[in-house]
A.B. asks: 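Handing you this structure, nothing more for now.
Worth knowing before you read on, the calculation uses all heavy atoms, side chains too, and leaves out hydrogens, waters and symmetry mates. The sequence lines fix the lettering, A, B, ..., with proteins before strands; numbering per chain opens at 1.
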Amino acid sequence: MLRKLIDSVGPQFEAFKSQDEGLGVTETDKNIDVSVWRGGPDGGSFQRFEVPKQDNQTILDVVAWIQQNDDPTLSYRFACRVGMCGSCAMMVNGNPRWTCRTHVNKVLKNDRLEIAPLRNLPVIKDLAADMDPFFDKWREAGGVFHPTKSRNDPVEEISPLEEERQNANAGIECINCGVCYAACDVVAGNPDYLGPAALNRAWTLLNDTRDCGSQSILAAVSRGGGCHNCHSMGNCAHLCPNELSPMTSIAGLKRVTALSFLRPGN
Amino acid sequence: MLDLKLYLLQRLSALVMAPLVLGHLAVIIVAVQNGLTSEEILSRTQGSFWWALLYGTFVVAVSVHAAIGLRVIVFETLKLKGFALNSLTWAIFLGLFFMGARAVWAVTAVGAT
Amino acid sequence: MPLKADIDRHDTDILILGTGGAGLFAALHAQTSAPAGTKITIAVKGLIGKCGCTRMVQGGYNVALGPGDSVERHFMDTIVGGKWLPNQDMAWRLCEQAVIRVQELENEIGCYFDRKDDGTLDHKAFAGQTADRTVHKGDLTGIEIINRLMEQVLARPVEKLQEHRAIALIPTKDRSAVAGVLFVDMRTGQFRFVRTKTVLMATGGGPTMYKYHTPSGDKTMDGLAMALRIGLPLRDMEMVQFHPTGLLGGEGTKMTGTVLEEGLRGAGGHLLNGSEHRFMFDYDDKGERATRDVVSRGIYSEMRKNNSSPNGGVFISMSHLGVENVRQDFSGMVKRCADCGFDLAGSKVEVVPTAHYMMGGVVVDPDTRTAMEGLYVAGEDAGGAHGSNRLGGNGVANSTVYGGVAGDTMGLDVRKMTTLRDPDEEVLTAEMVRAEHPFSRPESHPQHLRTKLQDAMWNDVGIVRGETGLKKGITQIQEISDELMETGVAGDNLAFNLSWHDWLNLRSLCDISEVIAKAALARENSRGAHYREDFPDQGDLDTSYFTIVQNEGDMLNVSREPVEFSIVRPGETVLPEGEPETLVEAPSGPPGQPQEAAQ
Amino acid sequence: MIRPHRSHPLWLAFILHRISGLALALFLPVHFWVLSLMLTDRERLDGFLLLTENAVVKLAELGLVFLLAVHIFGGLRLLAMEFLPWTSRQKTAAAAAIGVSILISGTFLLQAI
Ligand SMILES: Cc1cc2nc3c(=O)[nH]c(=O)nc-3n(C[C@H](O)[C@H](O)[C@H](O)COP(=O)(O)OP(=O)(O)OC[C@H]3O[C@@H](n4cnc5c(N)ncnc54)[C@H](O)[C@@H]3O)c2cc1C
Ligand code: HEM
Ligand code: SF4
Ligand code: F3S
Ligand code: FES
């Protein structure tokens, strides 16, 4: 019963179950047994590869090694290779992660890895997911600056010590990698849910004193798929590689939307 | 699926219930100590306007609260939507409300003896 | 292999290649400057806003808004820093417009740059600058700029072609104008030809043909290679900027080459060679705090003397500054190293100079127009604004300023262009054949060739150059290039076929590597980023010239052109009389105060 | 058993809250039904209440009170997190919620025996 309940929370990738996050011992001249998901929008399956272990090796390096040395048809995506662009996220041993900055030792269990495309998004091919729905929701959540001034005005003076600015700064360094989106079971269960990253962005905008779109943002995050669907399960904050807490931002949205509903004058 | 209004209803009902349930728990702990009989329950509650109000409020709140709560779980796990989901929510609400109302009536109405 | 018949044809009015600072700004500006009903399309090799180098900008953005600073001062620093080679009209425009652009970024786009506690903008002082000038958002400035730009573009009715790789500019039959751009839709592998009235090339250079390099993986000189093939002149191509401290994690990892902040050295970090000797004072009085090119050459010399660390670089050591302090002051860098398995705060980390930026590019005018009608170039693809050396903070200023200028210019020019031009179908076919070439050769992954090219460029066309090495380098590049043409890729499934794109990447890199090597051979002096062992002098400033490389009948033609001192001559200044030479205090550098955090 | 992306205290708090809510929603109608026996069938009710002396029934009752405690404190934690801006201590709060509920049900158990 419990098992079923836990499973029923959302459809899952059949993931290799590992809870060990500790840094393992480095042993070279060993191979890693890697299962890589292959397929497209219509489904697929895991394929196994042997990859030589190296001292310094990220998950992205493992994937690239396979494509460059074993199977040239393997598809995946990356750009910056250093944790800035958010292009390279994949499911690694069941957890969504930025692969370019995940050292193999951090996730390796019994010399095994399982790598799959990011959860909760359509697959293009193999490890490359289609991120459009993620960005569509970013936009739906009101995620664009609404200006009041122009390029001919001086830069506004805003103290970084102001509370609102601090709220905004706390969430602003999001690289839209989609890790939180893949980690959230509400997204899995509710395809309309805007998701942690989009809502986090909405919260930073709401706290930006230069932005004049508060009303439209509040309306956008209060609709059917809005912030009120979040159960504060915290997978987003737990796994965000930049240590942001979309959960906290969403709680902020809940608070502000509720207050503005109860006190419409404000 | 939760929008702002359902969310607020659920949170408000929870806030209403919190003190009631905590109080109820305390009563149970005391009551159970002496063993439960219907006599005992009734002697405490029967004819009391305040008990009726208390339990009545709880029933309303819990019907709202649980209906919305179950609605969310059903939506997320069974993917029920639209009319079916709304009907289910109302059914749970009404079912709980009537059963609850009957129970309150049973425990508090005068003259049942 | 028969030619794939299914080429999709598509029309637009304004086509933009790339979504870095230049591409995204162009899309926004074109939207406002073009007449209503103009169709705007943005096409990019990766996902919108998630590829390219603007996103990777750490240190910040140069703008003359700091205390006492002026456009004149910013301009003079740019000219002096570029060793008198910059196109002065472009440099002036860069400095002047940066002010507007930063205000636009803040007020209209929604970027928030760090403030001082009193609410005013915080300006850092980078090396080579005479005022506190660099605005930033922590050390993740590029993420803030690109995320906000991306949001604006996503919210607008701009047609988006993601994971579309431009493979050729297609001219009209008479070669006077550009008719459109040929793409590979990477997701399906299909060819797509987009006819357009105007094209902005903003594919962002990026010297990834060096063994150690900083730019993002999608940047492989495609733009310059396309420009070269269509016959456009490239200038300053020998000018490749190296960053002294790239992370060195060994051969097997892509994180090798990525930047470790220069603030580490500014704060007092030590560079140690293989035998733990602090060697920088052997090269310069300022030790680790010497300028970027000096430190890069110092490290390179140690490496050549085999005084190197296990992976063939040197060490940066921070722990003497206090492990906790380092952890606090450089939390981003410490975390980045830790994710890769290194302890920056507590022990030594291996570093190596790493190829960072292309000063050279297509010859353009200050309105981003090229010699070919309908073709515009902005950002790192365009040459001229930086001359022989780019100041830290001028890179993102350049791409955002000129991206906006390009958008404005195209919006105006497109009014005069009433019809779409028809492509030279022969060129179109030839370009498809060219791209499909590897399908006709025996299959073998081109990665080993890329490694070979990167070694050749690093060893012979790198930080320290000489005639013998350059000639050897050119021969090697040609050999690798020939070998590439005999290396095949299986063509049976072209959908998201990265191996095919690896091949195409390497094709572009080979083409431009040859240009760099030949331009380097032609410059017989040492200026800025270009250092010739056999000609260590900077040469006469008054007769400064820049190099031009152009493709003529499949031959690379290298020539020199004199720099026009249109605004200021060597020895003169545009600063008003009595202005102090510098507003920055002498870099005494208390720990934690990076003086040279230029990226 | 728990999938890796869920192995952290906040998710545990969430699932406990959900399971307890669900179980309560299923139990509540039974509870209401028992009480409404008051109206119709006093004998059966007393028989039923006698059963509370029975260990099994006691255990079930205990479980429900435990669930109620878990759910309330989980719910109060959520309400606090959403409506009070002190938000950084959720993990501690989650743990505390479980702790307190165990305490309460423990008291109940001791008293009842
Ligand atoms: C690590 C790092 C740190 C830096 N830090 C600073 C700094 O602090 N300050 C500073 O001023 N400068 C800095 N720079 C330099 C600065 O980032 C660049 O000069 C500038 O951003 C270039 O902008 P761009 O728009 O021309 O190109 P990019 O931002 O690189 O964008 C190029 C775009 O073109 C696309 N593209 C490439 N090829 C094709 C093709 N064939 N078809 C379609 N699209 C294509 C790419 O995918 C990308 O979207 C840094 C660079 C790096 C690498
Ligand atoms: C008395 C105090 C109570 C409080 C403070 C409380 C609080 C809450 C809160 C805040 C939620 C929202 C959880 C979320 O969105 O993730 C919730 C959900 C729920 N509650 Fe309660 N509740 C109380 C009593 C009850 C009772 C008595 C029942 C039983 C009928 C109940 C049944 C539910 C259900 C079924 C859910 C849905 C769970 C989910 O969505 O995961 N609650 N409760
Ligand atoms: S909030 Fe964190 S996990 Fe989510 S998209 Fe942003 S950076 Fe990625
Ligand atoms: S994981 Fe999902 S439920 Fe809320 S706290 Fe994060 S968005
Ligand atoms: S490749 Fe850019 S975040 Fe990993």
Side-chain angles (χ1 to χ4, degrees), chain A residues 1-10 12-21 91-97 107 109 114 119-120 163 167 170 179-180 182-186 188 227-228 230-239 245 247-259 262, chain D residues 1-28 30 56 59-60 62-64 66-68 70-98 100-102:
Chain A
M1 164 77 177
L2 190 67
R3 175 66 218 241
K4 210 160 169 262
L5 249 172
I6 289 175
D7 274 0
S8 70
V9 176
Q12 302 298 318
F13 261 99
E14 205 17 75
F16 168 61
K17 289 150 197 87
S18 145
Q19 292 175 49
D20 189 353
E21 301 256 321
M91 303 299 290
V92 182
N93 284 356
N95 270 333
R97 292 188 179 278
V107 285
K109 187 127 195 254
E114 187 187 79
R119 192 169 80 120
N120 295 342
E163 189 191 329
N167 284 340
V179 162
C180 55
C184 177
D185 293 330
V186 177
C227 63
H228 305 105
C230 164
H231 299 297
S232 306
M233 64 177 68
N235 299 349
C236 53
H238 179 59
L239 284 164
S245 176
M247 179 176 77
T248 308
S249 302
I250 295 170
L253 287 176
K254 289 173 179 167
R255 188 163 62 242
V256 174
T257 49
L259 286 179
L262 300 173
Chain D
M1 181 189 76
I2 294 174
R3 283 163 205 282
H5 71 281
R6 299 169 173 164
S7 54
H8 57 98
L10 286 176
W11 190 82
L12 203 68
F14 155 76
I15 199 66
L16 278 178
H17 192 67
R18 173 159 282 192
I19 292 169
S20 57
L22 193 62
L24 284 173
L26 296 177
F27 160 74
L28 207 62
V30 178
V56 178
L59 212 67
L62 171 73
L64 286 166
F66 175 75
L67 283 177
L68 197 56
V70 166
H71 190 78
I72 290 185
F73 284 95
L76 290 176
R77 174 189 75 93
L78 276 174
L79 289 169
M81 197 181 99
E82 287 170 5
F83 292 104
L84 305 172
W86 47 268
T87 49
S88 55
R89 303 242 179 89
Q90 290 106 11
K91 291 192 186 195
T92 343
I98 297 166
V100 171
S101 42
I102 289 170

A.B. asks: Using non-hydrogen atoms only, which part of A:A258 is less than 4.5 Å away from chain D: side chain, backbone, both, or neither?
C.D. replies: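 The answer is the side chain of A:A258.
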A.B. asks: Quick one: are A:H231 and D:R18 in side-chain contact, heavy atoms under 4.5 Å?
C.D. replies: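 Answer yes - side chains close enough.
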A.B. asks: Taking all non-hydrogen atoms of both residues, which atom of A:M247 and which atom of D:M81 are closest, and how far apart?
C.D. replies: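 Scanning both residues, the minimum pair turns out to be CG-CE, 3.9 Å.
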A.B. asks: Donor-acceptor pair, distance only, cut-off 3.5 Å: does the side chain of A:R255 make one with the backbone of D:E82?
C.D. replies: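 Pair found, side chain donor or acceptor close to backbone of D:E82.
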A.B. asks: Could you tell me if the side chain of D:H8 sits less than 4.5 Å from the side chain of A:N235, heavy atoms only?
C.D. replies: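 Of all side-chain heavy-atom pairs linking D:H8 with A:N235, at least one is under 4.5 Å.
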A.B. asks: Which heavy atom of A:G234 sits nearest to which heavy atom of D:L10, and what is that distance?
C.D. replies: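 Smallest heavy-atom distance, with atoms named: CA-CD1, 4.1 Å.
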